[in-house]
Structures are given as C-alpha cells and as structure tokens.
Amino acid sequence: MMDFMLIAILSVAEKLQTVTFYFVLSLEWTNTFATWDPQDFCNISKIVLPMDSFWSPPIFILERVNEWKSNLEYIVVTHNGTFNTSLPFQVTLTCSLMILKFPFDTQTCNMSITSFPYPATDLSMKVKRTPAEMMANSQSLFLPDGEWRFTNLSVSEYMEEMDDGEFPVITYMISMERRPTLYILNLILPTCALYLLDMAVLFGPSSLEEKISFQISIILGSSMLAVILNNMLPTSSNEPPVIVVFFLGTFLLMIMAVLDTFFLLHHQHKSLRLDKAFRTVQKGMHTEPMTSQAMKAPAKSTQEKVQQTKRCWKPEQDPVLIVLEKVLLCSHFFLSLFFFTVIFIKWSS
C-alpha cells in the first residue's frame with residue numbers, strides 16, 4: 001500500500017523542461033515471518049529498525065532525472081508483521097511544460113512509481129487513500145510561499161507490459177498554477193509603459209527629429225526586456241508563447257512608429273525644399289530691373305501676383321502634411337488597439 005504527500009514545489013526549469021518536487025512517500029506491507037506475541041516480550045507491540053534490517057519494496061520513479069533521499073531511513077515493525085515507512089524525497093522529474101500562456105499558465109506533471117525487479121505476479125502496488133484525501137493532506141502541509149501553487153492531484157493505476165512480464169505502475173498527476181505577479185511587474189507592465197511612452201512621443205508636439213531620437217531610445221529599452229524574457233523561455237516550442245508574440249508585436253509597432261516619423265520628416269523636408277525654391281523665385285521677381293516709370297508707379301498686376309502667392313504658400317500649414325500625419329497616427333492607434341485586444345483574448349481564454 002502506498003501513500004503520497006506533496007510538501008513543496010522547489011523549482012521549475014522551463015528551459016530544461018524539469019520540475020523539482022519535495023514529497024513524502026509512505027509504504028505499508030506485511031511480512032508474515034516477522035510476527036511475535038507482545039506478551040512474550042514485555043508487551044512490546046512495535047519496534048523501529050533501520051531500513052536494511054528487513055526486505056523492503058524497491059521504488060523506481062520513471063520520470064526521475066535526479067534524486068535525493070534522506071539517510072535516516074527507518075521502518076516501523078508491528079507484532080502482526082505490518083511494516084510502515086515514510087521516505088522523504090527530493091526528486092527532479094522530466095515534465096512536458098506547456099508555456100503557451102506564460103506567465104498565466106498551469107502545468108500538470110506525472111510521477112510514475114513502479115518496481116521493475118518484481119512483476120505483478122510477485123508484487124502488487126495499491127494506493128492507500130483516495131486522491132481527495134491525499135490532496136487535503138498535502139494542502140495542509142504544503143509550503144505555499146513560492147512561484148507555484150498546488151491545485152490538484154489525481155492518481156492512475158495500470159500495468160506496464162515489458163519483455164519480462166507486466167509490472168504495476170502508480171502515476172500521480174500533479175497540477176500546479178503559476179503565480180504571475182512577479183512577471184507582470186518585471187516584464188509586462190514595463191513593456192506596456194514603454195509603449196505608452198512611445199505613443200505619447202508619437203502624438204506629442206515635439207519636432208520630428210526629437211521624436212525619432214526618443215523612439216529609438218525606447219526601442220533599446222524594450223529590447224533589454226526581451227533579452228530577459230529569452231533567458232527564461234525554452235529554446236524550442238511547438239507554438240510560440242503569447243508573451244513572445246506580445247513582445248514581438250510591441251517591438252514591431254515601435255519600429256512602425258519610427259518609420260512613420262521618418263516618412264513625415266521626409267515629406268516635411270521635401271516641402272521645405274519646395275518652399276525654398278519658391279522663395280528664391282519670389283525674391284528674383286522683387287529684384288527684377290524696372291524702368292523709371294515702373295519704379296514710380298509699380299504695376300498692379302505684379303503686386304497682386306506677389307500678394308496672392310504669399311497668401312497661398314504656407315509650408316508650415318501644408319494641408320497634405322497635416323492630413324497625412326493624421327492618417328498615419330490614427331491607423332497606428334487602431335492597429336495598436338487591435339493588437340492588444342487580441343493578446344488579451346489569447347491570455348484570458
């Protein structure tokens with residue numbers, strides 16, 4: 001008979017796809033050759049002996065990568081031949097971690113316990129309590145001050161067929177949920193703040209040259225957060241996590257804002273060059289040599305042309321540039337709104 005009690009989730013390595021658990025495994029079996037009458041031994045009905053004093057069932061964990069066991073291993077022997085032992089384990093297991101919704105993800109890791117030297121005809125393994133009872137006992141002793149929260153425990157019993165016969169296997173399925181507060185404060189909120197700052201610079205009243213310098217500085221700050229995220233996530237995945245799409249999309253939107261500003265700056269410089277050429281032509285018209293009669297009484301037609309040109313040409317209020325800037329800013333705003341809505345739906349679904 002086997003009983004399981006989870007004490008702590010020590011670490012989860014996303015890059016290595018491993019999880020380290022600290023748990024206690026209680027075993028109970030009967031040895032009919034280790035019985036006595038308590039009345040013959042001063043009413044002693046129970047004794048404590050080292051683990052190697054009698055036979056004990058060998059335990060093997062299939063997903064184990066690394067293991068630590070305490071040296072203080074003892075068994076409690078009762079007069080009717082019942083043996084009890086509680087073994088503390090610190091085991092690192094391989095686990096297929098699904099990080100699609102990181103850091104709002106939940107994981108389920110399997111821990112399969114078997115005894116390969118003894119087939120099912122020689123050794124029978126059964127759970128001592130129901131999963132609900134084991135779950136309640138584990139939650140009463142679980143150390144909650146960590147990144148992960150223990151949410152559920154289920155048990156599966158089956159036979160594993162091998163060349164030497166069938167072997168009993170008990171699989172404990174441990175479900176856990178990540179606490180995302182640290183990642184929200186260190187990654188998501190700073191990225192959103194940088195993007196809001198980028199939007200404020202884009203819609204601000206500064207000159208286009210100053211906007212470009214500010215936007216490039218913000219992109220460099222966002223890239224540093226992306227490097228921190230890259231050190232956390234595994235190098236390979238069947239589907240990119242939502243947070244990677246979030247960082248990549250935010251980065252591309254910032255690049256797009258810089259390109260929009262460059263485009264507006266190019267259009268502005270083009271308007272200034274046209275204005276400079278027009279003013280040169282206008283200045284030549286003012287300095288055109290006139291006759292003495294024309295100097296005394298300037299022609300009305302020339303004055304009207306100059307005044308009309310002055311009223312029409314105002315490069316700082318170029319309507320084409322104003323309309324183009326509004327179109328680019330509005331399209332950038334609605335594209336950003338659509339992107340963040342999709343990311344929010346992906347994380348919350």
Side-chain angles (χ1 to χ4, degrees), residues 1-10 20-64 66-93 109-145 150 152-160 165-174:
M1 304 297 294
M2 185 179 299
D3 192 18
F4 174 82
M5 182 172 58
L6 183 64
I7 303 298
I9 302 173
L10 298 180
T20 302
F21 293 118
Y22 180 66
F23 60 92
V24 175
L25 199 63
S26 299
L27 306 176
E28 180 180 334
W29 69 95
T30 301
N31 188 342
T32 57
F33 299 100
T35 60
W36 71 90
D37 187 358
Q39 296 181 355
D40 296 338
F41 299 94
C42 302
N43 292 326
I44 298 175
S45 60
K46 184 185 299 184
I47 58 174
V48 179
L49 298 174
M51 193 74 177
D52 54 359
S53 300
F54 283 89
W55 176 90
S56 60
I59 297 300
F60 182 77
I61 302 175
L62 297 179
E63 298 84 0
R64 181 185 64 184
N66 193 10
E67 181 184 26
W68 173 88
K69 290 195 300 183
S70 174
N71 295 326
L72 301 176
E73 297 179 354
Y74 293 91
I75 52 177
V76 179
V77 186
T78 57
H79 66 281
N80 58 0
T82 302
F83 286 68
N84 288 277
T85 182
S86 295
L87 304 175
F89 287 89
Q90 179 179 321
V91 180
T92 301
L93 308 175
C109 296
N110 297 336
M111 185 176 64
S112 303
I113 300 177
T114 185
S115 180
F116 277 140
Y118 298 97
T121 55
D122 297 338
L123 183 91
S124 178
M125 298 176 62
K126 300 292 180 182
V127 293
K128 190 175 182 180
R129 293 186 296 176
T130 62
E133 292 175 342
M134 286 186 288
M135 177 72 182
N137 191 22
S138 298
Q139 287 184 337
S140 63
L141 298 176
F142 185 75
L143 302 178
D145 295 334
F150 180 37
N152 192 24
L153 177 66
S154 56
V155 184
S156 175
E157 301 180 57
Y158 62 95
M159 293 292 176
E160 182 72 24
E166 293 185 343
F167 295 86
V169 180
I170 297 178
T171 301
Y172 295 95
M173 289 162 281
I174 304 169

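What you see below is based on every heavy atom in this structure, not just the backbone, and it leaves out hydrogens, waters and symmetry mates.
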Kindly indicate whether the side chain of [X], heavy atoms from C-beta on, has any atom under 4.5 Å from the side chain of [Y].
| X | Y | result |
| --- | --- | --- |
| S112 | E63 | yes |
| E157 | V127 | yes |
| I59 | L25 | yes |

Grab the two heavy atoms, one from M173 and one from V155, that are nearest each other, plus how far apart they are.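 Nearest pair, atom of M173 first, then V155: CE-C, 4.0 Å.
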Checking T171 against S156: is there a side-chain donor and acceptor pair closer than 3.5 Å?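 There is no such pair (donor and acceptor under 3.5 Å, judged by atom type) between the side chains of S156 and T171.
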Set of residues satisfying side-chain contact (heavy atoms from CB on, under 4.5 Å) with respect to [X], sequence neighbours excluded:
| X | answer |
| --- | --- |
| D52 | P50 |
| F60 | L62, R64, T114, F116 |
| M125 | M2, I113, S115, L123, P168, I170 |
| M1 | E28, K126, K128 |

Step by step, would you call Y118 with W29 a ring pair (Phe, Tyr, Trp, His ring centres under 6.0 Å)? CA-CA 15 Å; Y118 298 97; W29 69 95; over 10 Å; no
Would you please name every residue forming a ring pair (Phe, Tyr, Trp, His ring centres under 6.0 Å) with [X], sequence neighbours left out?
| X | answer |
| --- | --- |
| Y158 | none |
| F4 | F23, Y172 |
| Y22 | none |

Pick one: which of L10, I9, I7 meets side chain to side chain contact (heavy atoms under 4.5 Å, CB included) with F21?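 Answer after filtering L10, I9, I7: I9.
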Can you tell me how far the [atom1] atom of [X] sits from the [atom2] atom of [Y], to the nearest 0.5 Å?
| X | Y | atom1 | atom2 | answer |
| --- | --- | --- | --- | --- |
| E133 | L153 | CD | CG | 12.0 Å |
| M135 | T130 | CE | OG1 | 12.0 Å |
| M111 | L93 | CE | CG | 6.5 Å |

Partners of N137 by side-chain hydrogen bond (donor to acceptor under 3.5 Å, both in side chains), sequence neighbours excluded?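 In terms of side-chain hydrogen bond (donor to acceptor under 3.5 Å, both in side chains), with neighbours along the sequence ignored, N137 is linked to no residue.
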In chain order, what residues pass the side-chain hydrogen bond (donor to acceptor under 3.5 Å, both in side chains) check against S138, with sequence neighbours excluded?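 Result, side-chain hydrogen bond (donor to acceptor under 3.5 Å, both in side chains) vs S138: none returned.
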Pair up each side-chain donor or acceptor in residues 31-48 with any protein partner under 3.5 Å, not counting sequence neighbours, and list the distances.
| residue | atom | partner | partner atom | Å |
| --- | --- | --- | --- | --- |
| N31 | OD1 | F33 | N | 3.1 |
| W36 | NE1 | I44 | O | 2.7 |
| D37 | OD1 | Q39 | N | 3.3 |

List the atom pairs, donor and acceptor, that lie under 3.5 Å between side-chain atoms in residues 78-90 and the rest of the protein, sequence neighbours left out.
| residue | atom | partner | partner atom | Å |
| --- | --- | --- | --- | --- |
| T78 | OG1 | N80 | OD1 | 2.6 |
| T78 | OG1 | T82 | N | 3.3 |
| T78 | OG1 | T82 | O | 3.1 |
| N80 | OD1 | T82 | N | 3.3 |
| N80 | OD1 | T82 | OG1 | 3.1 |
| T85 | OG1 | Y74 | O | 2.9 |
| S86 | OG | S26 | OG | 3.2 |

